[in-house]
Participant: 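Shown below is the structure under consideration.
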Amino acid sequence: MKRVAILISGGGSNMVALAQSMLGDHPARPCLVLSNVASAGGLAKAQAMGIPTAVVDHKPYGKDREAFEGALIAAIDAHQPDVIAMAGFMHILTPKFITHYAGRMLNIHPSLLPKYKGLHTHARALEAGDTEAGCSVHEVTSELDGGPILGQARVPVLADDSADTLAARVLPMEHQLYPAVLRRFVQGDRTMVVLP
Ligand code: GAR
């Protein structure tokens, strides 16, 4: 059975979707939900599902990224994960951290990568006049939002969309896409998942 550590910073709806998928004959189980924000709503949801949780707050470390990431690695590795799934983890990691988990770290990003790396993805898609939007799951490499794409899901952009309405249409697709990619990934299958 593979062990999956899930990294969050907020509400954790993708974390819940991942954790709920890892049941029965699934080849993996969640071993840890870790947040860099102590108030992240996802922590209580993980606890309610019986998943061990941890908080490594980046704030006390100030600009000392190395010390923060050292604490992060220690907290993660204490649970011996095979795979690290970033699910709304809103803190940029250094190449040193990423190298430590090379080949076994995934991230979900709310755009059709390679479009709109970084923040405000839905607003940027609307501003560009795109007719479709979506989300991507990719392997994490040291290029921000730039690793190999392992899955994408598309939704239409509607004429009266705001960034919020578009985000609300993309999020349920994230909840389908990420578990589908994770299931393949933990079995060593990197075939791209395309939804719908
Ligand atoms: C999700 O929409 C995810 O794609 C996005 O944050 C949200 C987290 O929601 N991630 C990024 O923007 C990463 N740069 P959740 O906490 O409910 O899963």
Side-chain angles (χ1 to χ4, degrees), residues 4-22 30 32-49 51 53-58 69 72 83-95 97-98 101 105-128 130 132-155 157 161-182 185 193-196:
V4 180
I6 306 171
L7 271 50
I8 64 169
S9 299
S13 69
N14 276 287
M15 176 279 293
V16 170
L18 289 173
Q20 287 180 342
S21 75
M22 288 185 260
L32 171 69
V33 170
L34 181 145
S35 174
N36 66 317
V37 178
S39 61
L43 289 168
K45 294 176 194 165
Q47 283 155 10
M49 289 187 284
I51 305 167
T53 60
V55 175
V56 181
D57 186 347
H58 58 271
E69 291 188 354
L72 203 54
V83 169
I84 316 297
M86 302 217 285
F89 185 76
M90 304 301 279
H91 197 85
I92 292 175
L93 298 161
T94 70
F97 181 93
I98 290 162
Y101 297 110
M105 184 151 55
L106 299 176
N107 181 43
I108 187 153
H109 185 72
S111 79
L112 295 172
L113 290 172
K115 281 187 162 183
Y116 315 129
K117 297 175 180 181
L119 298 175
H120 311 300
T121 53
H122 301 304
R124 288 156 68 198
L126 291 174
E127 206 167 293
D130 292 356
E132 60 174 13
C135 52
S136 307
V137 175
H138 64 94
E139 197 178 320
V140 178
T141 64
S142 45
E143 193 201 336
L144 177 69
D145 299 327
I149 296 167
L150 300 179
Q152 281 189 324
R154 305 181 128 72
V155 302
V157 175
D161 264 335
S162 65
D164 286 348
T165 60
L166 186 52
R169 194 172 309 117
V170 171
L171 193 61
M173 297 308 295
E174 297 188 31
H175 301 160
Q176 287 185 42
L177 181 69
Y178 210 172
V181 173
L182 179 72
F185 189 76
V193 177
V194 179
L195 297 177

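When a ligand or atom number is given, it counts from 1 through the structure's own listing order.
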Participant: Counting only heavy atoms from other residues, nucleotides and ligands, does the tally under 6.0 Å from CD of E127 exceed 12?
Facilitator: no
Participant: Does ligand 1 have any N/O pairs with the protein under 3.5 Å, and how far apart?
Facilitator:
residue: ligand 1; atom: 2 (O); partner: E174; partner atom: OE1; Å: 3.1
residue: ligand 1; atom: 2 (O); partner: E174; partner atom: OE2; Å: 3.0
residue: ligand 1; atom: 4 (O); partner: E174; partner atom: OE1; Å: 2.7
residue: ligand 1; atom: 4 (O); partner: E174; partner atom: OE2; Å: 3.4
residue: ligand 1; atom: 16 (O); partner: G12; partner atom: N; Å: 2.8
residue: ligand 1; atom: 17 (O); partner: S13; partner atom: N; Å: 2.8
residue: ligand 1; atom: 17 (O); partner: S13; partner atom: OG; Å: 2.6
residue: ligand 1; atom: 18 (O); partner: S13; partner atom: N; Å: 3.3
residue: ligand 1; atom: 18 (O); partner: N14; partner atom: N; Å: 2.9
residue: ligand 1; atom: 18 (O); partner: N14; partner atom: ND2; Å: 3.0

Participant: How would you list, by chain and number, every residue that makes a side-chain hydrogen bond (donor to acceptor under 3.5 Å, both in side chains) with S21, sequence neighbours excluded?
Facilitator: none
Participant: For H120, enumerate each residue passing the ring-ring contact (aromatic ring centres under 6.0 Å, His included) test, keeping only those at least two apart in sequence or located in another chain.
Facilitator: none
Participant: Say whether, by atom type as modelled, one donor and one acceptor occur between the side chain of E69 and the main chain of T94 under 3.5 angstrom.
Facilitator: yes
Participant: Quick check on side chain to side chain contact (heavy atoms under 4.5 Å, CB included): which of V193, V181, L113 does I149 satisfy it with?
Facilitator: L113
Participant: ring-ring contact (aromatic ring centres under 6.0 Å, His included) with Y116: which residues, sequence neighbours excluded?
Facilitator: none
